[in-house]
Amino acid sequence: MRETYKQLMTWIQQKQPVKIKTHQGEATFLPVKLYKDTRKLFVYNRKMRLTNICLDDIISIRPTRIYGSFDIRDEKFVHTH
């Protein structure tokens with residue numbers, strides 16, 4: 001597990017998107033903070049919502065490549081001139 005912590009810290013520092021697989025499914029996240037004492041990983045999902053994932057629920061985690069922007073929120077702008 002210590003090696004996993006080191007790898008996660010490296011991915012956080014590099015702002016590397018990761019694909020996380022849990023019992024609920026698999027998704028792409030941007031990890032931002034790891035709390036070892038509470039065993040929680042704070043991540044942004046593709047809609048830029050901050051959430052946390054318990055490390056005990058993670059089946060696998062691996063780096064992934066994102067094409068285009070990580071942020072896929074619907075952009076609704078009102079243009080005024």
Side-chain angles (χ1 to χ4, degrees):
M1 195 58 151
R2 185 178 171 126
E3 191 64 34
T4 304
Y5 286 140
K6 285 183 182 180
Q7 191 62 56
L8 277 170
M9 292 304 294
T10 302
W11 291 334
I12 290 169
Q13 290 170 351
Q14 295 174 348
K15 296 183 171 102
Q16 172 70 49
V18 294
K19 192 162 288 254
I20 297 176
K21 184 175 183 180
T22 65
H23 297 292
Q24 296 176 337
E26 186 176 68
T28 301
F29 297 100
L30 185 64
V32 290
K33 186 74 176 166
L34 173 64
Y35 289 101
K36 293 180 190 177
D37 53 345
T38 58
R39 299 184 48 78
K40 300 247 183 211
L41 177 65
F42 283 80
V43 296
Y44 282 111
N45 65 10
R46 294 291 298 262
K47 294 186 179 186
M48 296 309 289
R49 291 210 172 163
L50 184 65
T51 186
N52 67 58
I53 300 173
C54 181
L55 293 179
D56 297 330
D57 294 340
I58 295 176
I59 296 171
S60 69
I61 184 169
R62 65 185 188 280
T64 189
R65 181 168 286 244
I66 299 294
Y67 296 99
S69 174
F70 185 83
D71 185 358
I72 59 168
R73 290 180 288 188
D74 291 333
E75 294 183 13
K76 297 178 182 172
F77 292 105
V78 176
H79 294 284
T80 57
H81 294 280

Fill in the blank from the handout: Sorted by chain and number, sequence neighbours left out, side-chain hydrogen bond (donor to acceptor under 3.5 Å, both in side chains) with Gln13 holds for none
Problem - Partners meeting side-chain hydrogen bond (donor to acceptor under 3.5 Å, both in side chains) with Arg49 (sequence neighbours left out) - result: none
Handout entry: Residues forming a side chain to side chain contact (heavy atoms under 4.5 Å, CB included) with Asn52, sequence neighbours excluded
Key = Lys40, Phe42
Exercise for the section: With sequence neighbours excluded, tell me which residues meet side chain to side chain contact (heavy atoms under 4.5 Å, CB included) with Arg62. Expected result: Lys19, Glu26, Ser60
To the nearest 0.5 Å, tell me how far [X] [atom1] sits from [Y] [atom2].
{"X": "Ile66", "Y": "Thr28", "atom1": "CD1", "atom2": "OG1", "answer": "5.0 Å"}
{"X": "Ile59", "Y": "Thr22", "atom1": "CD1", "atom2": "OG1", "answer": "6.5 Å"}
{"X": "Gln7", "Y": "Leu34", "atom1": "CD", "atom2": "CG", "answer": "12.0 Å"}
{"X": "Leu55", "Y": "Thr38", "atom1": "CG", "atom2": "OG1", "answer": "8.0 Å"}
{"X": "Asn45", "Y": "Phe29", "atom1": "CG", "atom2": "CZ", "answer": "6.5 Å"}
{"X": "Leu30", "Y": "Trp11", "atom1": "CG", "atom2": "CH2", "answer": "13.0 Å"}

Completion exercise
Given the options Ile61, Ile20, Ile53, Val18, Pro31 meets side-chain contact (heavy atoms from CB on, under 4.5 Å) only with Val18
Problem - Non-hydrogen side-chain atoms of Gln24 and Asp57 separated by less than 4.5 Å - result: no
